[in-house]
Amino acid sequence: MSQKETKESSSVPIIQVKGITKKYGKKVVHRGIDLDVYDGEILTLMGGSGCGKSVLLRSLIGLEKPDRGQILFHGQDIAQMDEEQLTEVRKKVAYVFQYGALFDSLTVKDNLAYPLREHTKMTEDEIHQKVIKTLGKVGLEGVENQFPSDLSGGMQRRVGVARSIIMDPEVILYDEPTTGLDPYNTKQILRIIKELRDHGATTVLVTHDMHSIFTVTDRIAFMRDGLIDEIGQRDVIRKSSNDAVQRFIHGETP
Amino acid sequence: MATRLFDYLGGSANLCYASAKALFRKPFYFDLFIEQCYSLGFKSISITFITAISTGMVMSLQFGYGLERFGGKLYVPKVVGLSIMRELGPVLTCLMLAARAGSGIAAEIGSMVVTQQIDAIRALGTDPLKKVVIPRILALLLIAPLITAMADLVGIYSGMLISVSELNIHPDFYFHEGLVALKVSDFLVGITKTVFFALIIGVTSCYYGLKTTGGTKGVGNSTTRAVVTSCILITIMDFILTKFFWMIEKV
């Protein structure tokens, strides 16, 4: 195992990844990844394109199944769960998609109300109140009756975040949430990520955006060749002596 | 080619099995089923009726002038009625459904795949089979026989218009020979075929939609494959069912 742990947070791991491997045809994506995600932290998965960050993130909510290994959420192996069992996990673990993945046939309100209508017994009035409150959290008042196509890319991302957090999840997984956004929307998304962490949400973030990484992150896992090459606190990784990490941070040839 | 065929057969069989299992599991989305009945059924009525009208008229003309040479003009109502009820009504209506509803299903689901909406349905703790696949297949299973029954009547009636105006056949005679003289089994055979055709359209379109990769080009490819595969399978299945039903009726 080439993972090099430079420093570890305190507290208990809420998610434990143990030796997962994944192949698509002949392409090996994960070669035996071990990773612990601790309660209340923001962990960023960093690495070059195609190194398996997004696949790892998708595996944490059961959207991808590893070929081997375990992914334990509160001690239960989600890699072995079927879709029905995963439903319970997905009420506690939210996934924010890169481009929002909003349902374009539904209004913003119906997008946000979707998990509430599916998993709670709230009345339509209560759902409406919760939708308005959650939209307020992401700075989007008054857009509830619009369709996703009426919104800008940045607003769609924030609606995507709002939909993911409306069930008050324990863990939030973000797949490149700031890619392609203007500075204002990037700042808004980073503010939301920090605020949610302050309210107790555990966060796993996949991003290439160095500013995002060093602004909000507690720990960073640097991935390379299907493995976690180095993991540690933000400042430790920033000053890492690992040549690959330094080249990545400074945008040099990998 | 062979690999794609086996991929399709295995994948669609899997989809059928998984959908059948999910069908009896709560929750049930009756509202989505009704929505699909409207979207796939009601909106397909015009195209299927136009096809039925054209078929009925052309059949009357062709058989009218063709049989006249052998003194068999009076058989036109029976031939038209029988052909439409047993064969042309179900097949042409379902081919039109494959073109309109099947392409719509494959394109819509394909777009949902490439924009990660299907992943979002899963990530939000719901099942794409129950939310997307089952309502569409069930809607097709209901609407295909209904639309075919209506298209049969429209086709036979339009045949009557031509028979009366061009062939001088009396409407009462046409109505009696074209409809009343037909057996219930003629109607049932045609309608039963449409249930199989609807299943082919629904499963094939959902399968190719869910298998979409590669962005907008992939959506186009899935849509084309869904329509072409559905049409080919409908014609093959039509022969198998026709043979099967004649065997049963002869016993």
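Proteins come first, then strands; the chains are lettered A, B, ... in the order of their sequence lines, and each starts at number 1.
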Atom [atom1] of residue position [X] - does it have more than 12 heavy atoms of other residues, nucleotides or ligands inside 6.0 Å?
{"X": "A:Lys133", "atom1": "NZ", "value": "no"}
{"X": "B:Tyr157", "atom1": "OH", "value": "no"}
{"X": "A:Tyr114", "atom1": "OH", "value": "yes"}
{"X": "B:Tyr17", "atom1": "OH", "value": "no"}
{"X": "A:His199", "atom1": "NE2", "value": "no"}
{"X": "A:Arg68", "atom1": "CZ", "value": "no"}
{"X": "A:Gln76", "atom1": "CD", "value": "no"}
{"X": "B:Phe28", "atom1": "CZ", "value": "yes"}

Do you know the tightest heavy-atom contact between [X] and [Y]?
{"X": "B:Ala120", "Y": "A:Ala101", "value": "CB-O, 3.7 Å"}
{"X": "A:Leu63", "Y": "B:Asp119", "value": "CD2-O, 3.8 Å"}
{"X": "B:Pro27", "Y": "A:Glu118", "value": "CG-OE1, 4.4 Å"}
{"X": "A:Arg90", "Y": "B:Ala123", "value": "CB-O, 3.5 Å"}

Between atom CD of B:Gln117 and atom CZ of A:Phe97, what is the distance when rounded to the nearest 0.5 Å?
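B:Gln117 CD to A:Phe97 CZ: 10.0 Å, rounded to 0.5 Å.
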Can you tell me how far the CZ atom of B:Arg25 sits from the CD atom of A:Glu84, to the nearest 0.5 Å?
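Interatomic distance, B:Arg25 CZ to A:Glu84 CD, rounded to 0.5 Å: 4.5 Å.
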Based on non-hydrogen pairs under 4.5 Å, which of B:Asp127, B:Thr115, B:Ile121, B:Ile118 is most in contact with chain A?
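Option with the top pair count is B:Ile121.
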Under 4.5 Å from a heavy atom of chain A, the part of B:Lys131 involved:
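Side chain only.
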Using a 3.5 Å distance criterion without hydrogens, assess whether the side chain of A:His119 forms a donor-acceptor pair with backbone atoms of B:Thr126.
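Side chain of A:His119 to backbone of B:Thr126: no pair is present.
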Name the region of [X], side chain, backbone, both or neither, that has any atom closer than 4.5 Å to a heavy atom of chain B.
{"X": "A:Leu102", "answer": "backbone"}
{"X": "A:Tyr95", "answer": "side chain"}
{"X": "A:Ile61", "answer": "side chain"}
{"X": "A:Glu88", "answer": "neither"}

Using a 4.5 angstrom heavy-atom cutoff, name the option from A:Val89, A:Asp104, A:Leu173 with the most pairs to chain B.
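So the answer, after comparing A:Val89, A:Asp104, A:Leu173, is A:Asp104.
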